[in-house]
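Below: the structure, in structure tokens.
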Amino acid sequence: MKSIAALQAVVTATPFDGEPSNAELDAIETEMPAILADVVLLDAQIMTIDRMRTELDERRIRRARRRVLAARRELANRSALVSLSGGAA
């Protein structure tokens, strides 16, 4: 029978502290408008799951979808600008 004790050091050589890195936090901060827009859209859709949608509900969902698209467009444009300028934007 083989012992795994010798392999354990390789597996746990870099301890994980469970916290996101600064780069990950920056990425989350950059994507936050898109994340919040998605949350607003989900809230609008969840409100109408168990009932008929009214005209007001339809407008709320349409507005939330436009907000999601605008946030994603802004994020894509920002990413394209950063990649074109070599990350100096």
Side-chain angles (χ1 to χ4, degrees):
M1 180 171 276
K2 238 178 171 180
S3 173
I4 63 167
L7 299 175
Q8 188 174 7
V10 174
V11 173
T12 59
T14 55
F16 177 68
D17 63 358
E19 298 294 323
S21 68
N22 287 338
E24 291 170 330
L25 288 174
D26 289 341
I28 292 170
E29 185 68 29
T30 301
E31 295 177 12
M32 190 54 69
I35 294 168
L36 293 176
D38 284 332
V39 169
V40 170
L41 176 59
L42 284 172
D43 284 344
Q45 291 172 334
I46 287 170
M47 286 181 3
T48 62
I49 285 177
D50 59 347
R51 62 182 169 86
M52 290 290 295
R53 290 182 180 175
T54 64
E55 181 60 31
L56 182 62
D57 293 330
E58 292 292 339
R59 282 190 225 156
R60 184 178 293 125
I61 290 171
R62 229 180 1 255
R63 196 176 322 120
R65 282 187 182 138
R66 284 194 295 264
R67 184 175 171 195
V68 167
L69 291 174
R72 288 181 184 172
R73 182 186 62 233
E74 178 65 31
L75 186 59
N77 289 341
R78 188 179 309 157
S79 298
L81 182 63
V82 169
S83 67
L84 287 176
S85 66

For [X], check side-chain contact (heavy atoms from CB on, under 4.5 Å) against everything at least two apart and list the hits.
{"X": "R66", "value": "R62, R63"}
{"X": "L56", "value": "T54, R60"}
{"X": "L25", "value": "P20, N22"}

Of all heavy-atom pairs linking A34 and A71, the shortest is CA-CB, 3.7 Å
Honestly curious: do V68 and I61 fall in one hydrophobic cluster under the side-chain, below-4.5 Å linking rule? yes
Applied to residues 43-52, the side chain to side chain donor-acceptor pair (under 3.5 Å) test, sequence neighbours excluded, yields T48-R53, R51-D57
- Task: Could you check if a side-chain atom of I49 sits within less than 4.5 angstrom of a side-chain atom of I46, using non-hydrogen atoms only?
- Result: yes
Value for CG (L41) from CZ (R65), rounded to nearest 0.5 Å, stands at 6.5 Å
The reported gap from CD in E74 to OG in S79 (rounded to nearest 0.5 angstrom) is 9.5 Å
Residues 26-42 vs salt bridge (charged side-chain N to carboxylate O under 4.0 Å, His left out), sequence neighbours excluded, gives D38-R72
Members sharing I35's hydrophobic cluster, built from side-chain contacts under 4.5 Å between Ile, Leu, Val, Met, Phe, Trp and Tyr, are I28, M32, L36
